[in-house]
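The block underneath contains the structure these notes are about, expressed in structure tokens.
Residue numbers start from 1 in every chain, and the chains themselves are labelled A, B, ... in the order their sequence lines are given, proteins ahead of strands.
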Number of protein chains: 2
Amino acid sequence: MELRHLRYFIAVAEHLHFGRAAKELNISQPPLSQQIAQLEEEIGAQLFYRTNRSVRLTPAGEHLFREAKAIMGNLERATTQTRKIHTGEAGKLAVGYTGMLSSGIIRILRSFKDKHSDVELILHRMSSAMQNEALAERRIDIGFLCPPIDGETLGFFHLYDYPFVVALPSSHPLAADTSPIRLSELKGEPFIMPPRGEEAGYFDQIIALCNRAGISPDIRQEAEGVTTILSLVAAGIGISIVSTAAAETQREEIFYREIKGADDAIGLYLAWNRQDASPLAERFVQAAKVFIPNQDK
Amino acid sequence: MELRHLRYFIAVAEHLHFGRAAKELNISQPPLSQQIAQLEEEIGAQLFYRTNRSVRLTPAGEHLFREAKAIMGNLERATTQTRKIHTGEAGKLAVGYTGMLSSGIIRILRSFKDKHSDVELILHRMSSAMQNEALAERRIDIGFLCPPIDGETLGFFHLYDYPFVVALPSSHPLAADTSPIRLSELKGEPFIMPPRGEEAGYFDQIIALCNRAGISPDIRQEAEGVTTILSLVAAGIGISIVSTAAAETQREEIFYREIKGADDAIGLYLAWNRQDASPLAERFVQAAKVFIPNQDK
DNA sequence: TGTAATGATACGTACAGACTATCAATCAAC
DNA sequence: GTTGATTGATAGTCTGTACGTATCATTACA
């Protein structure tokens, strides 16, 4: 059986007239009769009552008519959707993000979703190291992450820079003052940090920052993900140095202070697998480029 | 596009190897490559990433793969069901019945349903006259009805004979006695009868029965359907003469008495449209024939 | 560097589906 | 009854295309 049989069958069932159906199909009547006969033979069921003057569907034919129309409709929708996925108008896009959905990331996601309503964005929170791996293995299509980035297999570009701030429990003695803090004041404080294996760039930058201020952070606690780190700070377990992106959502239990004399910032990058990136991923990357700040020279 | 394309595509998507897929399809590899290329061209989407050493589905291909399998499954089920409807193993069967589903009718329906679980029996209560019309117009496939039957267009045979009984309100003076009643005792009683136009055979037989007993029934009320008639009797509106089939289900408000010296009975017939009876209707008729009483000579 | 594996390409062929012509059956008009 | 129109089926021919064989290009691996 071929789709031709179904197409012809539907035409005859709709017109209940071989001649007119043939005309609609742009073929002559004899081959139409033949194909219908073939279909009946193959299915093993008479589909039409035919006298020389009238054509009517049998009960079996009526059933097949309904089914055939549904099948052709499904096929039509399937091919259209397939084409859309190819062009990147539709599909699923797995997106990784490190800690919090900063307003910068949300703006990009929102804008893309608005223009591509058929696209399903699936968000995965994972560390920068995990994103490198997931992008390489195509478990995610897009990553919002911090260095290091495996430039061999991944394409990437810089999006935003977020300065560092110190996160203190509100109950902490240093939390009273709103002025920028000197990092040397943090000497001996218990630090909460992500594991270096998960966020090497972030980790090293903070260490360097502290070293420059003449202190060596006393890491008492490791925690995965900014939200977890901040929860621990809120609980009074220790202090941490986080990006202003994480500090966007204020919490009562946490007090943020800028760092005096340091304009260090952590870079947020967008990355994708540069080999066989899905069309959707490519679209996303293109759309995201618009959000690069100061791109006008 | 033809089903061939989908079949070939599914084979390649399952094997992710053109050579092996071709072998399974019993064709050689080159035409398989061609057909897949055609499919991609027609849909307007790349379906496989092909290097010379590996074949992988694109996101678009993965979507089409799922859809194509579903479509092939639907098609398979549709053709099987169509064949079943043709042979009478499945389908819908509209059955008409006059008044009540007597135990005789129920036995036939039950037996048929047991042997043909894929068949949906749709019951329609309608008078014998309506059934004649509905059978001719194919609104129903099978009728359980009383004469007259239009032998021109309908095939039919006799099933059961149900003797007549008198139905009295329990409060009626004549309802005390359990012995057979003489019809002459009913002189002057208000009769409830179906309209003659709907149940001519039944109507005329009762009139003849009464006439033989020397009375002319005083028809005060007409009602469509035995259940309606019996409800009116129960309400004390009048009396009626009904078949023992209707009397099968006893009600407290109604008292039935046999009729003395009359072995008249109303015949229940099974009828169908003898032109292009649906295969299912034919099966039903054949199955019902087993229930003709005294068929052994 | 040579060999095996794999999908794409080139080209000839056979068959199936399409066309034209015609037939058979039915219905309607007179 | 007879004739003409309508309609689906059949017969015979032709053509497009799906398939097969042979071969190539590329890649992986020994």
- Message: Go through it in stages, so that I can follow the logic: the residues are I140(B) and Q131(B), the test is side chain to side chain contact (heavy atoms under 4.5 Å, CB included), and I'd like the CA-CA distance, side-chain angles, deciding distance and then a yes or no.
- Response: CA-CA 8 Å; I140(B) 60 174; Q131(B) 285 192 47; 4.1 Å; yes
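- Nucleotide dA16(C) holds its P atom 15 Å from the CD atom of E2(B), rounded to whole Å.
- If you walk DNA chain D from 5' to 3' and mark each nucleotide with an atom closer than 4.0 Å to a heavy atom of chain B, the marks span dA18(D) to dA28(D).
- A cation-pi arrangement is absent between K115(A) and F112(A) under the rule of less than 6.0 angstrom and at most 45 degrees off the ring axis.
- Stacking of K289(A) on the aromatic ring of F291(A) is not recorded, the 6.0 Å distance cut-off and the 45° axial limit not both being met.
- Side chain to side chain, S54(B) and T51(B) meet the donor-acceptor criterion of an N or O pair below 3.5 Å.
- L159(A) is listed as a side-chain neighbour of I108(A), based on a closest heavy-atom distance under 4.5 Å.
- Distances shorter than 4.0 Å separate none of the side-chain N or O atoms of S33(B) from OP1 or OP2 on dG7(C).
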- Note on the structure: B/S/- along nucleotides 18-27 of chain C (protein heavy atoms under 4.0 Å) is SBBB--BBBS
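- If you check the side chains of E89(A) and H116(A), you find no donor sitting under 3.5 Å from an acceptor.
- A tilted orientation is assigned to the rings of F9(A) and F48(A), their planes being inclined by 30° to 60°.
- Note that CZ of R20(A) is 12.5 Å distant from CD of Q29(A), once rounded to the nearest 0.5 Å.
- When rounded to the nearest whole Å, the span between CZ of R20(B) and C1' of dG7(C) equals 13 Å.
- A close approach under 4.0 Å does not occur between any side-chain nitrogen or oxygen of H17(B) and OP1 or OP2 of dA5(C).
- Taking atom NE2 of residue H15(B) and atom C1' of nucleotide dT6(C), one finds them 15 Å apart after rounding to whole Å.
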